[in-house]
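Quick notes on the structure that follows.
Numbering starts at 1 and runs along the sequence shown. The model shown is predicted, which means the values in this text are computed figures rather than measured ones.
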Amino acid sequence: MFKKIEKESFYYGSSVALMTTKDPNTNKDNITVISSTWTLGKTIVVGLGLENKGFSNLTIGSEATFNIADSTIWKKIERIARTTGEKTIPEYKTREGYTYCSDKFKLGGFTKILGADVSSVRIKDCPIQIETTITEINIKESFAIVECAIKGIFVDEKILYDDSHIDVSKWFPLIYKFREYSSTNKSLGINFRFQEFKK
């Protein structure tokens, strides 16, 4: 049996990414925790709330890096989860207990690496880092759908099988499942289009 339910917002979750951007006015680095993303070919598409610092840092042609988290850093991410880089905090975020943070890297204990092909920094603590340029921004009612062209992909050698394939038996992405942190720890099978490495 199935029951139809009513919810104001239905978020079933996805992999956690830390989007890094630069404030074009101050040149300061910012981290935005996101999990509404998907990739196809050389494009990443992300969903971002309109009232966060990460979104306000973006315009067409600007740059962002998507640092894909693994399961070991969820506590660091939770430390910055209720913070914003915007000094003016919207009322709904105030009600949810958000506070302003000028340096999320310091608060979360994250280590910066200079971008190789873009100005936005990478986060050393994340095993996969994807540098991008913003190609399109489609604004909806309270969020934006942002399309990004991939400029460079950087992977920690510890999870690589060879120069271009990830050893999936060593990669445990952080999953935000209905807003619960979890990960992958059991293989159930492989799709016919699988391209990485598995023992």
Is the number of heavy atoms from other residues, nucleotides or ligands under 6.0 Å of Asp163 CG greater than 12? no
Identify the heavy atoms of Ile134 and Cys148 that sit nearest to each other, and give their distance. CD1-SG, 3.6 Å
Could Lys104 and Phe110 be counted as a cation-pi pair, given that NZ or CZ must be under 6.0 Å from the ring centre and within 45° of the axis? no
What I want to check is whether the side chains of Ser56 and Glu86 have a donor and an acceptor closer together than 3.5 Å. yes
Distance-only, no hydrogens or angles: does the Asp103 side chain make a donor-acceptor pair with backbone N or O of Lys106 under 3.5 Å? yes
Tell me, do Lys22 and Asp29 make a side-chain contact under 4.5 Å, heavy atoms counted? yes
Please examine the side chains of Thr111 and Ile123, heavy atoms only from C-beta on, and report whether any two atoms are closer than 4.5 Å. no
Is Met19 linked to Leu50 within one hydrophobic cluster, defined over Ile, Leu, Val, Met, Phe, Trp and Tyr using a side-chain heavy-atom separation of less than 4.5 Å? yes
Could you tell me the separation between the CG atom of Asn67 and the CG atom of Asp70, rounded to the nearest 0.5 Å? 11.5 Å
Is there a continuous path of hydrophobic side-chain contacts, each under 4.5 Å between heavy atoms, that joins Trp38 to Ile145? yes
Would you confirm whether Thr132, through its side chain, and Ala64, through its main-chain N or O, come within 3.5 Å as a donor-acceptor pair? yes
Heavy-atom check, side chain of Glu51 versus side chain of Tyr92, under 4.5 Å: yes
hydrophobic_cluster_shared for Val46 and Val33, side chain cutoff 4.5 Å: no
Going through the distances and angles, do Thr84 and Thr99 end up as a side-chain contact (heavy atoms from CB on, under 4.5 Å)? CA-CA 6 Å; Thr84 177; Thr99 58; over 6 Å; no
Restricting to non-hydrogen atoms, name the atom on Asp117 and the atom on Gly152 that form the minimum distance, rounded to 0.1 Å. OD2-CA, 4.0 Å
Is there side-chain contact between Ile130 and Ile68, with at least one heavy-atom pair below 4.5 Å? yes
Is there a side-chain contact (heavy atoms from CB on, under 4.5 Å) between Thr37 and Val45 once you walk through the steps? CA-CA 6 Å; Thr37 70; Val45 180; over 6 Å; no
Rounded distance [0.5 Å steps], CD1 in Ile44 versus CD in Glu147: 11.5 Å
For the residue pair Val118 and Thr65, establish whether any side-chain heavy-atom pair is separated by less than 4.5 Å. yes
Using only heavy-atom distances, determine whether the side chains of Thr32 and Asn30 contain a donor-acceptor pair under 3.5 Å. yes
Rounded to the nearest 0.5 Å, how far does NZ of Lys76 lie from SG of Cys126? 9.0 Å
Quick check: is Val121 connected to Ile73 through a chain of hydrophobic side chains (ILVMFWY, heavy atoms under 4.5 Å apart)? yes
Can you tell me if CZ on Phe194 sees more than 12 non-hydrogen neighbours from other groups inside 6.0 Å? yes
Shortest non-hydrogen pair, Asn57 vs Thr21, comes out as ND2-OG1, 2.9 Å
Taking the six-membered ring for Trp, is the centroid-to-centroid distance between Tyr176 and Tyr181 below 6.0 Å? yes
Value rounded to 0.5 Å, distance of OG in Ser14 from NZ in Lys177: 13.0 Å
Please tell me if the side chains of Trp171 and Ile128 come closer than 4.5 Å, counting only heavy atoms from C-beta onward. yes
Hydrophobic cluster membership, Leu48 vs Ile77, 4.5 Å side-chain cutoff: no
Closest approach of Pro127 and Asp125, non-hydrogen atoms and distance? CD-O, 3.8 Å
Between Asn52 and Phe55, what is the shortest heavy-atom contact and its length? OD1-N, 2.7 Å
Residue pair Arg122 / Phe154, side-chain heavy-atom distance below 4.5 Å: yes
To the nearest 0.5 Å, what is the distance between CD1 on Ile34 and CG on Leu18? 8.5 Å
Consider only side-chain N and O atoms of Ser120 and Glu63, and report whether a donor and an acceptor are under 3.5 Å apart. no
For Leu58 against Ser62, the heavy-atom pair lying closest together: CA-OG, 3.5 Å
Atom CD of Glu157: over 12 foreign heavy atoms under 6.0 Å: no
Should Gln129 and Ile113 count as side-chain neighbours, where that means a heavy-atom distance under 4.5 Å? yes
From Ile31 atom CD1 to Lys112 atom NZ, the distance as rounded to the nearest 0.5 Å: 8.5 Å
